[in-house]
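Data first, discussion second: the structure below is written as structure tokens.
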Amino acid sequence: MISIFQVAAGIAIIFFLPGFTLVNLLFPRRGELDPEYDIIYRVTLGMGVSVVISILVGFMLNAMSTEGHGYVTAGPLWAVLLSITGLFTLAGWVRGAYPRAGLIHPSLYRSTSIRGIPKTKGLSYNKKKRTEKLVLEREALLTDLKALVESSSTSNPQRKLYYRQRIDDARGRVDQINEELRSLGGGKK
């Protein structure tokens, strides 16, 4: 008798998990696909890619079958799809797609390689995450500063005052971030 659990697991393995783990492998950093709707992109891309992977696995199993014995049955299909999902998950973890694995055990934490983030050996999971967040915020502020300076140079005097205030606020925040990074033990001097 087919249970609801079996149906849910079958739908997840055919329509979601292989593609979602492949998308996480290819784009390990959060916000890499889209800053605001990243999870929606990951889920929809994962669903589409999962269907393609399932079809390709079915074709592969069908090509391996003989006239008397077909390989496209539930057992081999589940085995191949779960193996592919496991490989994609492991490779994604190595690339840093699952930083929350550090909550299970600190040795499972892998960060994505982001330029400008200092090496944080010996820091706890929370300090590593805080350091990453601060460095990313600092990079965004520096990019904003560059745009504000360019906008300020071509503005009227009243707008220049506005841009000058925003530039000063952004520089102050960058200084706060640098100070906090120094206190965490992993910041640039």
Side-chain angles (χ1 to χ4, degrees), residues 12 16-47 49 84-189:
F16 183 67
L17 289 175
F20 185 74
T21 55
L22 179 61
V23 169
N24 285 338
L25 167 65
L26 296 175
F27 305 103
R29 240 184 327 180
R30 298 293 172 231
E32 196 169 8
L33 290 173
D34 184 70
E36 191 173 351
Y37 300 111
D38 186 65
I39 191 66
I40 294 172
Y41 281 18
R42 287 177 188 276
V43 168
T44 53
L45 276 173
M47 290 171 69
V49 171
I84 288 172
T85 301
L87 289 173
F88 289 160
T89 302
L90 181 64
W93 171 73
V94 168
R95 289 201 61 206
Y98 307 105
R100 291 186 186 201
L103 294 173
I104 297 169
H105 192 275
S107 65
L108 295 176
Y109 177 76
R110 297 281 188 272
S111 65
T112 56
S113 58
I114 302 172
R115 188 175 56 92
I117 291 185
K119 297 295 180 193
T120 55
K121 279 193 168 185
L123 294 181
S124 70
Y125 171 76
N126 292 330
K127 285 185 179 180
K128 287 179 185 179
K129 288 301 292 177
R130 182 70 183 150
T131 301
E132 286 179 13
K133 200 175 276 190
L134 288 171
V135 170
L136 291 174
E137 183 183 353
R138 181 177 63 189
E139 294 299 320
L141 283 170
L142 292 175
T143 303
D144 290 346
L145 268 172
K146 190 176 184 180
L148 288 171
V149 168
E150 289 174 8
S151 298
S152 172
S153 65
T154 60
S155 297
N156 63 28
Q158 188 174 4
R159 292 297 285 175
K160 282 188 181 186
L161 290 174
Y162 167 75
Y163 284 124
R164 176 59 44 206
Q165 179 62 38
R166 292 213 30 214
I167 289 169
D168 292 342
D169 291 344
R171 285 184 179 155
R173 180 62 185 143
V174 168
D175 291 340
Q176 288 175 347
I177 289 172
N178 287 337
E179 194 61 37
E180 190 171 347
L181 284 172
R182 276 190 216 99
S183 70
L184 285 172
K188 292 181 178 178
K189 303 242 183 316

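Every heavy atom of this structure was used, including side-chain atoms; hydrogens, water molecules and symmetry mates were not.
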- request: Grab the two heavy atoms, one from P28 and one from E32, that are nearest each other, plus how far apart they are.
  value: N-OE1, 3.4 Å

statement: When rounded to the nearest 0.5 Å, the distance separating CZ of R171 from CG of L145 is 6.0 Å

task: Kindly confirm or rule out a cation-pi arrangement of R159 over Y163, judged by NZ or CZ under 6.0 Å from the six-membered ring centre and within 45° of its axis?
output: yes

- request: Could you tell me whether a side-chain N or O of D38 sits under 3.5 Å from a main-chain N or O of L33, the two making a donor and an acceptor?
  value: yes

message: Would you say the rings of F16 and F20 are close, in the sense that their centroids are separated by under 6.0 Å?
response: yes

message: Are E180 and R130 packed together at the side-chain level, in the sense that at least one heavy-atom pair is separated by less than 4.5 angstrom?
response: yes

message: For the CZ atom of R164 and the CG atom of D169, what is their distance to the nearest 0.5 Å?
response: 11.5 Å

query: CG/L136 to CG/L141 distance, rounded to the nearest 0.5 angstrom?
result: 11.0 Å

message: Please find the pair of heavy atoms, one from P18 and one from A12, that lie closest to each other, and give the distance.
response: CD-O, 4.3 Å

query: What distance do I84 atom CD1 and L17 atom CG have between them, rounded to the nearest 0.5 Å?
result: 12.5 Å

- request: For Y162, check side-chain hydrogen bond (donor to acceptor under 3.5 Å, both in side chains) against everything at least two apart and list the hits.
  value: R166

- prompt: Does the side chain of I40 reach to within under 4.5 Å of the side chain of D34, using non-hydrogen atoms?
  reply: no

field: Gap separating the NZ atom of K146 from the CD1 atom of I167, nearest 0.5 angstrom
entry: 13.5 Å

message: When you compare the side chain of F27 with that of R42, does any pair of heavy atoms fall below 4.5 Å?
response: yes

query: Between CG of L181 and CD of Q176, what distance do you get to the nearest 0.5 Å?
result: 12.0 Å

message: Is there a side-chain contact between I177 and V135 in this structure, where contact means two heavy atoms from C-beta onward sitting under 4.5 Å apart?
response: no

- prompt: How close do Y98 and T89 get, heavy atom to heavy atom, and via which atoms?
  reply: CE1-O, 3.5 Å

query: Between G46 and V23, what is the shortest heavy-atom contact and its length?
result: N-CG2, 4.0 Å

- prompt: G96 and P99: which non-hydrogen atoms are nearest, and at how many Å?
  reply: O-CD, 3.7 Å

